[in-house]
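Note sheet for the following structure.
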Amino acid sequence: MGLLSILRKLRAAPEKDLRLLLLGLDNAGKTTILKILASEDITQITPTAGFNIKSVISDGFKLNVWDIGGQRKIRPYWKNYFENTDVLIYVVDSSDRKRLEETGLELYELLADDKLENVPLLVYANKQDLPEALTASDLAQALGLPTIKDRAWQIQACTASQGSGVREGMEWVCKSIKKK
Amino acid sequence: MYWLWTYISYYIRPLVKWFLRKTTGLCELQRICYGEVNGTPRIKGVESSLHLSRSPQIKLLIQHLNNISDNQRFLGSNEREILQGAVRTVLLVKQINPQIHTQFVKSFSKCIEQIWGYRQLVAEVESLRKINYDSDNLEHERKLYDLWENLMPFEPLESRVSRQWQDIGFQGDDPKTDFRGMGLLGLENLLYFATEFKGPASHVLSHSHHPDYGYAFAIVGINITSMAWQLLKDGDAKTYFYNMSKSLPSIRHFHQFYCYLFYEFDRFWIECKPENIMEFSNIRDRFEQNIRNSLLDAQNIFKINVSVDTV
């Protein structure tokens, strides 16, 4: 009995539930980032049909991370997942210059949505290891991030396939939530 | 509870084996080969008996066979020699007279072939998976074009990078980034389905264009590759292979397993009447559980049952 109640208490530790939404074009690296956050193997990833969800404990928060497929046909469903989002994480393949405009347009459509009003934005400038990759600051300029005035935002360079930069981004996420 | 069981069985098992050996005059491997039905029940019986064996020679033999199959050298003329060697070792250790027990020699070497053929197949599939799709490799590109031509025989591809790829369910205008962690294995699986099972494949492709229950054919196919590989790797697929393959398991058998899964998944998906593609992970998980359950039944035979399209 005693052990059971201790276990129950442990389980009921006051972790705040947070809802993070991972969006971006297909092949941006959303699922890889999700798996890195959950400390899972990233060598067997397949394109996301639908969505993946994982819960990660970090910094006293229970982060429920929703990774939604980025294929054009799936994008119309993105809005079904907006409600109660605490932080929006937008992933960009920094080396995919051809689709820079497309990814920018999708991002601004998200920012214009009422349900995502004031929601902090983290942009991952992913795939920094590739030779054609834009640096984080160039990407921020290209996407026009400095003109965003209605919410906290941050850009983070990362190479998810090597696991670098992802943690730093999440630190900002946790900080920006504590401030709220 | 579990440790108690292992503890007991560690001491009891040899006693039971000794008793049966004395009363039947046959060793455990013989009793399995004569008593169990051909296919999965017999092969799995031999497999666990060998792995539980405490004889140093048998342990050495297992190590030797593992080594050969992990390096994919269990092939061709090598194969017969290895099988004969393995049988000889067991005959010697268990003091079995091959002149009297010719049937044992036959069915036991069949079991060895399947058990280590399966292990070799895992290695072969894994090495194919690890080859990334490379758009500079002409052979890879050829396979991609072949996939298009087999799935869309009446519609020529206008250019290498084209919106048309989305008609067979790739994400964008260039499929090269869609294979991801499944590498060349994903492409070869799809290609085998499209060429060797033309009817079922076009049946499934047409379902993927269904106005209400449609999905992305190629992307779902690559996710099925991942499932097939997972089932192969963790050993649950043994039931399928041990029952299906009459000779050394090869990549062709894996492709057939994949085709079976894809065809059945499509049927299950349509039956579920999903609201949209966002239900994929949920339905996928339920489907995988069903497959794992049916793989528990050692007698199960898996075949594509081509039904009349009613949807």
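Being a predicted model, the structure only gives us computed values, none of them experimental. Naming convention: chains lettered A, B, ... in sequence-line order (proteins, then strands); numbering from 1 in each chain.
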Report, in residue-number order, which members of residues 21-40 of chain A are under 4.5 Å from chain B by heavy-atom distance. A/Asp26, A/Asn27
Among [range], which ones touch chain A with a heavy-atom distance under 4.5 Å?
{"range": "residues 274-282 of chain B", "value": "B/Asn276, B/Ile277, B/Met278, B/Phe280, B/Ser281"}
{"range": "residues 223-241 of chain B", "value": "B/Asn223, B/Ser226, B/Trp229, B/Gln230, B/Lys233"}
{"range": "residues 134-168 of chain B", "value": "B/Arg163, B/Gln166"}

For atom [atom1] of [X], is the number of surrounding heavy atoms from other residues, nucleotides or ligands below 6.0 Å larger than 12?
{"X": "B/Glu126", "atom1": "CD", "value": "yes"}
{"X": "A/Glu101", "atom1": "CD", "value": "no"}
{"X": "B/Lys198", "atom1": "NZ", "value": "yes"}

Contacting moiety of B/Arg129, where chain A heavy atoms sit under 4.5 Å: side chain
Can you say whether B/Phe170 sits under 4.5 Å from chain A via the side chain, the backbone, both, or neither, judging by heavy atoms?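 For B/Phe170, the contact with chain A is made by the backbone alone.
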Identify the two heavy atoms, one from [X] and one from [Y], that lie closest to each other, and give their separation to 0.1 Å.
{"X": "B/Ala216", "Y": "A/Gln71", "answer": "CB-NE2, 3.9 Å"}
{"X": "A/Thr46", "Y": "B/Met182", "answer": "CG2-CG, 3.7 Å"}
{"X": "B/Arg180", "Y": "A/Pro47", "answer": "NH1-CA, 3.6 Å"}

Segment of A/Phe51 engaging chain B (4.5 angstrom heavy-atom cut-off):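 Answer is both: backbone and side chain atoms of A/Phe51 are under 4.5 Å from chain B.
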